[in-house]
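Below is one structure, written out as structure tokens, with a few remarks after it.
Along the sequence shown, the residues carry numbers beginning at 1. Please read all numbers here as calculations on a predicted model, not as lab measurements.
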Amino acid sequence: MSTTMPPTLPSARTTPVQPSAPAAPAATPTARDAVSWCADPYADALRSGRGPLFLRRTDGWLLPLEVERWCAGADAADLSALRRCEGTVLDIGCGPGRLVAALAAQGRRALGIDVSEAAVARTAAIGGAALCRSVFDSLPGEGSWGTALLLDGNIGIGGDPSALLARTAELVCRRGLLIVETTPADVDERVQVRVANGHGVHREQGGLFSWARVGTPALLRYATAAGWAPVEQWTVADGVPTGEVGQLPAAGRCFVALRRRRGIPDSHG
């Protein structure tokens, strides 16, 4: 058990904080990245609660973003992850806040962070606490969170899974837990993307930013190098959780729980 006191969570929406300058360009989202996620297509989708919305790769390939699911309540797959959370919970890239709100409704102490002011506003509106910050900014309670969440593809933040996993290890307590949602396919790619709504280039307001997509095998490789030990893997397909990773239909969701290994220095020394 960590001797660090649990973080004090905001009781209501906090004043947005502008993301700070990156410490390492390859790993840390730049101000342009934050502006991209705050661009009109993304903010408009969160305010309306519906898409279409995509991440558009430079070659034109589109990754659909599940805005309607994000703006709904926590589903069976989400709850399978939330049941495994320990202690206070930090939801990294919380989006419109369904996970933070679900934890709050259970009486759990949880905080969401997101670079989008629209996401922070929607989280507060449904009863969650959130800050407008990047995961690479200074955050409350560093080194004391019981669990960190990287769901909905957020392992892709910054385009460098190794850097993100190392940063997350600084945020949780000794033996803290990290729950990651991975891509069902066995992929490991780093790409440049922009937010797009599919209605024409003129609505792609944000600039290019770095993103990553990783399946479970790639995640486990990165996690081991960053000081995390796998403790559980599971999938949810058609609302039914199973323990068999790799036997999913395309629509299934894959999760991995990781434990911070002993011997990894705390962020406070």
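Asn154 contributes a side-chain N or O that, together with a main-chain N or O of Ile92, makes up a donor-acceptor pair within less than 3.5 Å. Under a 3.5 Å cut-off, the side chain of Arg253 and the backbone N or O of Val236 do not form any donor-acceptor pair. A distance-only check finds no donor-acceptor pair linking the side chain of Thr183 to the backbone of Ala185 [under 3.5 Å].
Residues satisfying the side-chain hydrogen bond (donor to acceptor under 3.5 Å, both in side chains) test with Asp186, not counting sequence neighbours, are none. Under the side-chain hydrogen bond (donor to acceptor under 3.5 Å, both in side chains) criterion, Arg84 pairs with Glu232, not counting sequence neighbours. Glu66 pairs by the side-chain hydrogen bond (donor to acceptor under 3.5 Å, both in side chains) definition with Arg69, not counting sequence neighbours. Under the rule for a side-chain contact (heavy atoms from CB on, under 4.5 Å), Ala225 has no partner lying at least two apart in sequence or in another chain. A search for side-chain contact (heavy atoms from CB on, under 4.5 Å) contacts involving Pro230 returns Leu220, Leu258, not counting sequence neighbours. Arg98 meets the salt bridge (Lys or Arg N to Asp or Glu O under 4.0 Å) test with Asp78, Asp152; sequence neighbours excluded. Under the rule for a side-chain contact (heavy atoms from CB on, under 4.5 Å), the partners of Ala81 that lie at least two apart in sequence or sit in another chain are Leu151, Ile179, Trp234, Phe255. In this structure Thr147 satisfies the side-chain hydrogen bond (donor to acceptor under 3.5 Å, both in side chains) test with no other residue, sequence neighbours excluded. Applying the side-chain contact (heavy atoms from CB on, under 4.5 Å) rule to Gln106 yields the partners Leu79, Leu103, Arg108; only residues at least two apart in sequence or on another chain are considered.
In this structure, Arg190 and Asp160 have side chains that are in contact, with non-hydrogen atoms separated by less than 4.5 Å. Side-chain contact between Arg261 and Thr224 is present, with heavy atoms from C-beta onward closer than 4.5 Å. Proximity of Leu165 to Leu178: side-chain heavy atoms (C-beta onward) are separated by under 4.5 Å at one or more points. Contact of the Val67 side chain with the Tyr42 side chain is not registered, since no non-hydrogen atoms from C-beta on lie closer than 4.5 Å. No side-chain heavy atom of Val120 sits less than 4.5 Å from a side-chain heavy atom of Leu131. Between Leu53 and Val195 there is a side-chain heavy-atom pair separated by less than 4.5 Å.
Across Thr235 and Cys254, no two heavy atoms sit closer than the pair CG2-SG, 4.1 Å. Minimum heavy-atom separation, Val172 to Ala148: CG1-CB, 3.9 Å. Cys94 and Val100 make their closest contact through CB-CG2, 4.2 Å (heavy atoms, listed as atom of the first residue, atom of the second, distance). In terms of heavy atoms, Cys71 sits closest to Gly49 at SG-CA, 3.7 Å. Nearest approach of Asp59 to Trp61, heavy atoms of both residues: OD1-N, 3.0 Å. Across every non-hydrogen atom of Leu111 and Pro140, the tightest pair is CD2-CG, 4.2 Å.
Annotation: salt bridge (charged side-chain N to carboxylate O under 4.0 Å, His left out) contacts involving residues 212-222, sequence neighbours excluded, comprise Asp188-Arg221, Glu189-Arg213. Applying the side-chain hydrogen bond (donor to acceptor under 3.5 Å, both in side chains) test to pairs two or more places apart or on separate chains, none has a residue in residues 119-132.
Using a cutoff of 4.0 Å between basic side-chain nitrogens and carboxylate oxygens, Arg175 and Glu86 are not scored as salt-bridged.
Ile126 and Leu149 fall into different hydrophobic clusters, defined by Ile, Leu, Val, Met, Phe, Trp and Tyr side-chain heavy atoms under 4.5 Å apart, directly or through other members. Note on Val187: it does not cluster hydrophobically with Trp211, by side-chain heavy-atom contacts below 4.5 Å among ILVMFWY residues. Linking Ile, Leu, Val, Met, Phe, Trp and Tyr whenever their side-chain heavy atoms come within less than 4.5 Å puts Phe209 and Val135 in one cluster. Residues Val191 and Ile157 are members of one and the same hydrophobic cluster, defined by side-chain heavy-atom contacts under 4.5 angstrom among Ile, Leu, Val, Met, Phe, Trp and Tyr.
Atoms CZ and OG, on Arg133 and Ser138 in that order, are 6.0 Å from each other to the nearest 0.5 Å. Ser210 OG to Gln192 CD: the interatomic distance, rounded to the nearest 0.5 Å, is 4.0 Å. The CZ atom of Arg56 sits 4.5 Å away from atom CG of Leu62, with the distance rounded to the nearest 0.5 Å. Note that the CZ atom of Arg259 and the CH2 atom of Trp228 stand 9.0 Å from one another [nearest 0.5 Å]. Here the straight-line distance linking atom CG of Asp91 with atom CG of Leu82 works out to 8.5 Å at 0.5 Å rounding. Considering CH2 of Trp145 and CG of Leu90, their distance stands at 5.0 Å, rounded to 0.5 Å.
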> Would Glu170 and Leu139 count as a side chain to side chain contact (heavy atoms under 4.5 Å, CB included) if you check the C-alpha gap in whole Å, the side-chain angles of each, and the deciding distance to 0.1 Å?
Replying inline: CA-CA 11 Å; Glu170 298 174 345; Leu139 296 173; over 6 Å; no
>> Quick one, Cys173 with Thr88, criterion side chain to side chain contact (heavy atoms under 4.5 Å, CB included). Give me CA distance, side-chain angles, the key distance, then yes/no.
In response: CA-CA 10 Å; Cys173 62; Thr88 54; over 6 Å; no
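Each of Val180, Ile155, Leu150 was scored for a side chain to side chain contact (heavy atoms under 4.5 Å, CB included) with Thr168, with one residue passing: Leu150.
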